Number of protein chains: 2
Amino acid sequence: MAMSNQTDKRVFVQSDDCPIRDVVAQIGDKWSILILFSLVDGPDRFNSLKSRIEGISQRMLTQTLRDLERDGFVNRTVYPEVPVKVEYKLTELGKGLTKSVWGLVSWADTHHDDIRAARQHYDARKQ
Amino acid sequence: MAMSNQTDKRVFVQSDDCPIRDVVAQIGDKWSILILFSLVDGPDRFNSLKSRIEGISQRMLTQTLRDLERDGFVNRTVYPEVPVKVEYKLTELGKGLTKSVWGLVSWADTHHDDIRAARQHYDARKQ
DNA sequence: CCGCATCCTGGGGGATACTG
DNA sequence: CAGTATCCCCCAGGATGCGG
C-alpha cells in the first residue's frame with residue numbers, strides 16, 4: 001500500500017482489510033499492549049505475568065496470550081516439569097510490534113499532563 | 001516517569017494512571033484512530049467524515065469526536081450558516097498524537113502479510 | 001446539516017469452580 | 001502451575017426517530 005498521496009490515505013482508512021483496523025483491533029483491546037510490554041524484558045511465566053499485570057483475570061490472560069500467539073507476536077513453550085512450567089516470549093515480529101508501539105507510548109507519557117489538562121478544561125466548560 | 005530500568009517498566013504497566021492504559025483506552029477503541037487519520041489532510045465536516053469512514057454510525061462519530069475534543073486532540077468549529085456547517089480539525093496535540101501513531105500504522109502496513117500468515121498457520125495447526 | 005434520545009442486542013470480560 | 005468451563009452482567013455500539 002502506497003500511502004503516498006491524499007487519495008491513498010482516504011482509501012486506506014476505508015478498506016476492509018485495512019491494516020489499521022486489523023492491527024488496532026487486535027492490539028487495542030484492554031490487555032494486549034500491557035502483556036506485550038510485560039514481555040520486553042524477557043520471557044515470563046503465566047502466573048508471574050498474572051501477578052505483574054494488575055487487575056487481569058486468568059481467563060483474559062489466557063485468551064489474550066492465545067490471540068497474541070495466533071498473530072505470531074508471542075511464543076508459548078511448555079516445560080514438562082512437575083508442576084508444569086509454561087513460558088511466554090516475544091517473537092521477532094512481536095518485538096518489532098512492541099518497538100513500533102513504543103513511540104506512541106513515550107508520546108503518551110510525555111503528553112499525559114496535557115491530555116488531562118484538556119479534559120479538565122473541557123469538563124469545566126460544560127459545567 | 002523514568003522508564004529507564006527493568007523495575008520502572010514493570011511498575012509502569014501496573015500503575016493506575018499509567019499513560020499506556022489511559023491513552024490506549026482512549027485511542028484503542030473502534031473509531032478514534034480512523035477519525036484521527038481522516039483529519040490529517042486537513043479539516044473536514046461531519047457528514048464528509050461520516051461518508052469517508054466506512055461503517056461508522058453518526059452516533060459513534062459524534063461520540064468519538066466528543067471524546068477526541070475532550071482530550072484536546074480535535075477542535076470543533078460551528079459556522080452559523082444555513083444549514084449549519086461544523087468543521088473538525090486536528091489540534092497541535094492531535095497532530096502530535098497522529099504522528100506518533102504513524103510509526104505503528106506503517107509497521108502494521110508492512111507486516112500485515114506476516115500477521116495473516118501467522119494466523120493461517122496457527123489455525124491450520126489447531127485444525 | 002448536525003446531532004441528541006431512546007431502545008435493544010452481542011459479546012467483552014469478571015467471578016468462580018473444576019481438571020491434568 | 002496453568003489452564004478450561006460456566007455463568008452472568010454490563011456496556012459498546014447499531015438502528016431508528018426527533019429536533020434546531
Side-chain angles (χ1 to χ4, degrees), chain A residues 13-14 16 21-36 38-39 43-71 74-89 122-123 125-127, chain B residues 13-14 16 21-35 38-39 43-71 74-89 122 125-127:
Chain A
V13 166
Q14 288 187 342
D16 261 353
R21 296 201 175 200
D22 198 13
V23 174
V24 168
Q26 183 57 48
I27 287 296
D29 70 357
K30 196 172 176 182
W31 302 111
S32 291
I33 289 187
L34 262 16
I35 293 177
L36 253 18
S38 296
L39 290 174
D44 203 359
R45 306 177 52 175
F46 186 86
N47 276 332
S48 171
L49 283 170
K50 178 158 161 29
S51 63
R52 283 174 54 207
I53 302 173
E54 199 172 81
I56 196 168
S57 61
Q58 79 276 59
R59 180 190 199 286
M60 289 319 294
L61 182 54
T62 304
Q63 186 173 305
T64 310
L65 281 169
R66 289 292 170 282
D67 291 341
L68 293 174
E69 192 191 355
R70 188 172 105 98
D71 277 11
V74 160
N75 256 349
R76 178 175 182 270
T77 312
V78 182
Y79 295 92
E81 308 168 354
V82 178
V84 116
K85 168 179 159 184
V86 180
E87 226 178 45
Y88 294 91
K89 58 176 292 202
Y122 183 93
D123 292 343
R125 238 182 5 152
K126 309 284 171 181
Q127 285 97 17
Chain B
V13 167
Q14 288 187 344
D16 260 354
R21 294 200 176 202
D22 198 13
V23 174
V24 167
Q26 183 57 49
I27 287 296
D29 70 356
K30 197 171 176 181
W31 302 111
S32 290
I33 289 188
L34 261 17
I35 292 177
S38 297
L39 290 173
D44 203 357
R45 307 178 50 177
F46 186 85
N47 276 331
S48 172
L49 284 169
K50 177 158 162 30
S51 63
R52 284 174 53 205
I53 302 173
E54 200 172 81
I56 196 169
S57 62
Q58 81 272 66
R59 174 178 154 63
M60 289 320 294
L61 181 55
T62 303
Q63 186 173 306
T64 309
L65 281 169
R66 286 297 168 281
D67 291 342
L68 293 175
E69 191 192 355
R70 188 171 105 100
D71 277 9
V74 161
N75 256 132
R76 177 175 183 270
T77 311
V78 181
Y79 295 93
E81 307 168 355
V82 178
V84 115
K85 168 179 160 185
V86 181
E87 226 178 45
Y88 294 91
K89 57 176 293 200
Y122 182 92
R125 236 180 9 149
K126 309 284 171 180
Q127 285 98 15

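Computed from a predicted structure; not experimentally measured.
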Looking at [X], I'd like to know whether one of its side-chain N or O atoms comes within less than 4.0 Å of OP1 or OP2 on [N].
X: A:Arg45; N: D:dC1; result: no
X: A:Lys30; N: C:dG14; result: yes
X: A:Arg66; N: D:dG3; result: yes
X: A:Arg59; N: D:dG3; result: no
X: B:Arg76; N: C:dG3; result: yes
X: A:Tyr88; N: D:dG3; result: yes

Can you measure [X] atom [atom1] to [N] atom [atom2] for me and round it to whole angstrom units?
X: A:Lys50; N: C:dT16; atom1: NZ; atom2: P; result: 12 Å
X: A:Met60; N: D:dT4; atom1: CE; atom2: P; result: 13 Å
X: B:Gln63; N: C:dC4; atom1: CD; atom2: C1'; result: 11 Å
X: B:Asp44; N: C:dC1; atom1: CG; atom2: C1'; result: 14 Å
X: B:Glu87; N: C:dG3; atom1: CD; atom2: C1'; result: 17 Å
X: B:Asp67; N: D:dG13; atom1: CG; atom2: C1'; result: 13 Å
X: B:Gln58; N: C:dC4; atom1: CD; atom2: P; result: 11 Å
X: A:Trp31; N: C:dG12; atom1: CH2; atom2: C1'; result: 12 Å

Exercise. Measure from the side-chain heavy atoms of B:Asn47 and tell me the nearest of C:dG14, C:dG13, C:dC2.
Key: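 Of all the options, the side chain of B:Asn47 is nearest to C:dC2.
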Self-check item: First encountered from the 5' end of DNA chain C, between A:Ile56 and B:Thr62
Solution: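 It is B:Thr62 whose nearest nucleotide is closer to the 5' end.
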Quiz item: Do A:Leu65 and A:Phe46 have side chains that get closer than 4.5 Å, going by heavy atoms?
Solution: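 Touching, per the 4.5 Å side-chain cut-off.
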Practice problem: Give a yes or no answer on whether the side chain of B:Thr64 reaches the backbone of B:Leu61 with a donor-acceptor pair at less than 3.5 Å. | Solution: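 The answer is no, because no donor-acceptor pair under 3.5 Å joins these two groups.
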Quiz item: With no hydrogens and no angle check, is any side-chain donor or acceptor of A:Arg76 less than 3.5 Å from a backbone partner on A:Glu69?
Solution: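 Not a single qualifying donor-acceptor pair exists.
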Quiz prompt | Heavy-atom pair with the smallest gap, counting every atom of B:Arg52 and B:Asp44 | solution =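 What the structure gives for the nearest pair is NH1-OD2, 2.6 Å.
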Quiz prompt | Minimum heavy-atom distance B:Val84-B:Arg45, with the two atoms named | solution =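 Answer, listing the atom of B:Val84 first, then B:Arg45: O-NH2, 4.0 Å.
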